[in-house]
Amino acid sequence: MDTTQLQRTVAAMVQAPKGLLAADESPPTIARRFASIGVESTEENRRAWRNVLLGAPGLADSVSGVILYEETLGQHSDDGTPFPQLLEQRGIVPGIKVDRGKVPLANAPGDEITEGLDGLAKRLQRYREQGARFAKWRAVYNVSPTLPGPLAVKENAHALARYAAICQQEGFVPIVEPEVLIDGDHAIERCSEVTEQVLHAVFHALHRQRVALEAMLLKPSMVLPGKGSAKASPESVARHTIAVLRRTVPAAVPGVFFLSGGQTPEEATANLDAMNRLGPQPWVLSFSYARALQEPALAAWRGDPANAAAARRALVHRARMNARAREGRYEPAMENEAGR
Ligand code: 13P
């Protein structure tokens with residue numbers, strides 16, 4: 001396979017000091033986010049919200065790519081520009097979430113599997129015509145003393161690798177997203193153990209499916225204690241996460257773009273910063289946050305067009321803080337910077 005074009009897309013996505021904005025919430029997820037600010041999830045409200053995000057002045061200084069949902073790929077900004085074109089004009093690479101969500105894994109109580117492989121190559125051809133250049137697929141792993149079971153670890157790795165192989169065949173850079181969930185009261189050591197098993201299985205499957213590691217990106221969860229346990233310091237999260245990544249992620253992978261997974265915006269920034277302070281690693285360590293980038297902006301917007309400018313400032317502020325964290329140069333005092 002000639003991966004030259006894929007690697008050009010990767011180079012645009014990993015450029016310093018940027019990260020990715022995940023704005024690919026499915027209809028049930030965006031409905032939950034909107035409910036928290038009293039906004040109804042209509043097609044027009046979803047378009048209006050994505051218009052606020054994607055048109056934010058200064059976004060391109062800290063964001064190199066945006067993950068969109070299928071519906072958004074076909075929608076337009078207020079001035080009629082299709083969203084993927086708007087992003088390209090701004091120097092931001094448009095991407096698309098392509099998985100169809102998770103369902104219970106048969107014969108494995110408590111475990112889940114992600115669907116969406118059937119017909120994926122055909123769908124990608126359509127998304128390409130609409131302007132998308134990279135894709136994302138999320139697998140989720142519940143944590144308990146016995147979960148995830150070996151079947152869930154193996155089958156989700158297989159689906160992620162099949163998805164990645166199909167993406168590369170169709171000219172898309174795959175973002176491979178195995179998310180070990182934060183739900184539960186487990187210790188950070190248990191998350192570490194599960195994440196290591198999961199990533200080991202994922203890279204084994206990617207190897208078997210002959211995925212070009214140079215032409216993909218990894219979007220993992222950080223190694224954290226369960227949300228029912230006491231929080232760990234950024235230094236502890238950084239040490240545990242980097243130890244697991246170094247054991248499992250080959251150096252050929254150009255970038256590791258974390259999800260935020262239920263951390264507060266400031267925690268997600270501080271934890272990324274602590275990792276980048278541990279010194280150079282084989283891969284770029286950056287962000288691909290949804291909630292940790294969007295939450296303050298959503299709270300400022302509240303569905304009112306008069307608040308669009310304030311919402312955009314809140315988004316760009318968080319993106320800038322995370323761009324600093326990508327370089328290991330974030331200080332909490334920067335949260336009060338002028339221009340916020
Ligand atoms: P969070 O950063 O809110 O975890 O979302 C990232 C994402 O893309 C989930 O699939």
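One-based numbering, in listed order, for ligands and for the atoms of each. Here the structure is a predicted model, which is why all the values come from computation and not from measurement.
- Taking the ring axis of Phe172 as reference, the NZ or CZ atom of Arg128 stays within 45° of it and closer than 6.0 Å to the ring centre.
- Backbone and side-chain nitrogen or oxygen atoms of Arg33 are examined, and none is located within less than 3.5 angstrom of a nitrogen or oxygen of ligand 1.
- Residue contacts with ligand 1 do not include Lys97, since none of its heavy atoms lies under 4.0 Å from the ligand.
- Crowding of His76 atom NE2: a count of heavy atoms from other residues, nucleotides or ligands under 6.0 Å exceeding 12.
- With a 4.0 Å cut-off on non-hydrogen atoms, Arg291 touches ligand 1 through its backbone as well as its side chain.
- Dense packing is recorded around CZ of Arg277, with more than 12 heavy atoms of other residues, nucleotides or ligands lying under 6.0 Å away.
- The protein non-hydrogen atom at the shortest distance from atom 9 (C) of ligand 1 is Glu177 OE2, 3.4 Å.
- Residues Glu70 and Arg100 are paired through a salt bridge, judged by an N-O separation under 4.0 Å between the basic side chain and the carboxylate.
- When heavy-atom distances to ligand 1 are checked against a 4.0 Å cut-off, Ser260 comes that close through both its backbone and its side chain.
- Any N or O atom pair closer than 3.5 Å counts here, and Leu259 shares no such pair with ligand 1.
- Those atoms of ligand 1 with a heavy atom of Gly261 less than 4.0 angstrom away are 1 (P), 2 (O), 4 (O).
- Within 6.0 Å of the CZ atom in Arg210, the count of heavy atoms belonging to other residues, nucleotides or ligands does not exceed 12.
- Electrostatic pairing of Glu266 and Arg318 counts as a salt bridge here, judged by a charged N lying under 4.0 Å from a carboxylate O.
- Considering backbone and side-chain N/O of Ala292, none are found under 3.5 Å from N/O of ligand 1.
- Backbone and side-chain nitrogen or oxygen atoms of Ser288 are examined, and none is located within less than 3.5 angstrom of a nitrogen or oxygen of ligand 1.
- For ligand 1, the polar-atom distance check finds no N/O of Tyr289 at less than 3.5 Å from any of the ligand's N/O atoms.
- Side-chain contact between Val63 and Leu20: absent, with no pair of heavy atoms (C-beta onward) separated by less than 4.5 Å.
- For the pair Lys219 and ligand 1, a heavy-atom separation below 4.0 Å is found.
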